[in-house]
Amino acid sequence: MNEFRLDQLTPGLRQSFSVTVTTSMMKDFQSISGDCSPIHMDEAYAKHLGFKDRVVYGMLTASFYSTLVGVYLPGKYALLHSVDCSFPQPVFVGDELEVIGEVTEVNDTFNQVEIKAQIKKKDGQVVSRAKIKAGVRGG
Amino acid sequence: MKVEERVTSVFRDIFDNPDLKITPSTSAQDIEDWDSLANINLIVAMEKEFNVRFQMQDIQRLTNVGGMIELINRSIQKS
């Protein structure tokens, strides 16, 4: 786990990690959220809609922004303030994703950092973009 | 554009309400979404709009839009 303090965070600082979406993650997310929409649960239904397989929950993909902030950038001392995100392309079970964040602004009055983030598939296709704000605890 | 008009424009952008009307006496009590995180967004947006930096003690004394406009005017004169 990274432990960046505010004075170590500068615009341009970048961190990333990779993760593969699994069937188990889908099951766990359904259990936590209660979202049982067939587009996420029923392969035949999703195919009927023109997708190659059931679609991974957008908010499951977005949950990796939590990992980005809490573990990588800034890491231990972060407290998530906001995530403004979009999902331009669908994700499917088995996709390997790269989660990338880059510091764009540091505000030392409010101990807050802004991060531009995106999540890409292995082939480079961007499946999510986000603007994230997080507090960085001192001490 | 006058400072008051630019302040109004920032408020409308932060609270995503193009019809939002503010006066010098408008405070956080008058705008439902004006919570602590929105306040940070508002202050940071004002700093960007007017290219100034506020001191924390000045921010903590703010009670309404009129005080914010006064702080902006003072900060512009200093810069």
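Proteins come first, then strands; the chains are lettered A, B, ... in the order of their sequence lines, and each starts at number 1.
- Few gaps surround CG on A:Asp123; more than 12 heavy atoms of other groups in view lie less than 6.0 Å from it.
- Both the backbone and the side chain of B:Ile40 have a heavy atom closer than 4.5 Å to some heavy atom of chain A.
- Two different hydrophobic clusters hold A:Val136 and B:Ile59 under the rule that ILVMFWY side chains link at heavy-atom gaps under 4.5 Å.
- Under the 4.5 Å side-chain heavy-atom criterion for grouping Ile, Leu, Val, Met, Phe, Trp and Tyr, A:Val83 is connected to A:Met59 within one hydrophobic cluster.
- Contact annotation for residues 100-122 of chain A against chain B (heavy-atom separation below 4.5 Å, listed by residue number): A:Glu105, A:Asn107, A:Asp108, A:Thr109, A:Phe110, A:Gln112, A:Glu114.
- Under the 4.5 Å side-chain criterion, counting only non-hydrogen atoms from C-beta, B:Asn41 is not in contact with A:His81.
- Linking Ile, Leu, Val, Met, Phe, Trp and Tyr residues whenever their side-chain heavy atoms come within less than 4.5 Å leaves A:Val55 and A:Val93 in two separate clusters.
- The cluster map of Ile, Leu, Val, Met, Phe, Trp and Tyr, joined by side-chain heavy atoms under 4.5 Å apart, puts A:Phe87 and A:Val126 in different clusters.
- At a threshold of 4.5 Å between side-chain heavy atoms, the hydrophobic network of Ile, Leu, Val, Met, Phe, Trp and Tyr places A:Ile132 and A:Val71 in one connected group.
- Of all residues in residues 11-30 of chain A, none places a non-hydrogen atom less than 4.5 angstrom from a non-hydrogen atom of chain B.
- Within a 6.0 Å sphere centred on CD of B:Gln57, heavy atoms belonging to other residues, nucleotides or ligands number more than 12.
- For B:Asn51, the CG atom is loosely surrounded, since the number of other residues' heavy atoms within 6.0 Å does not exceed 12.
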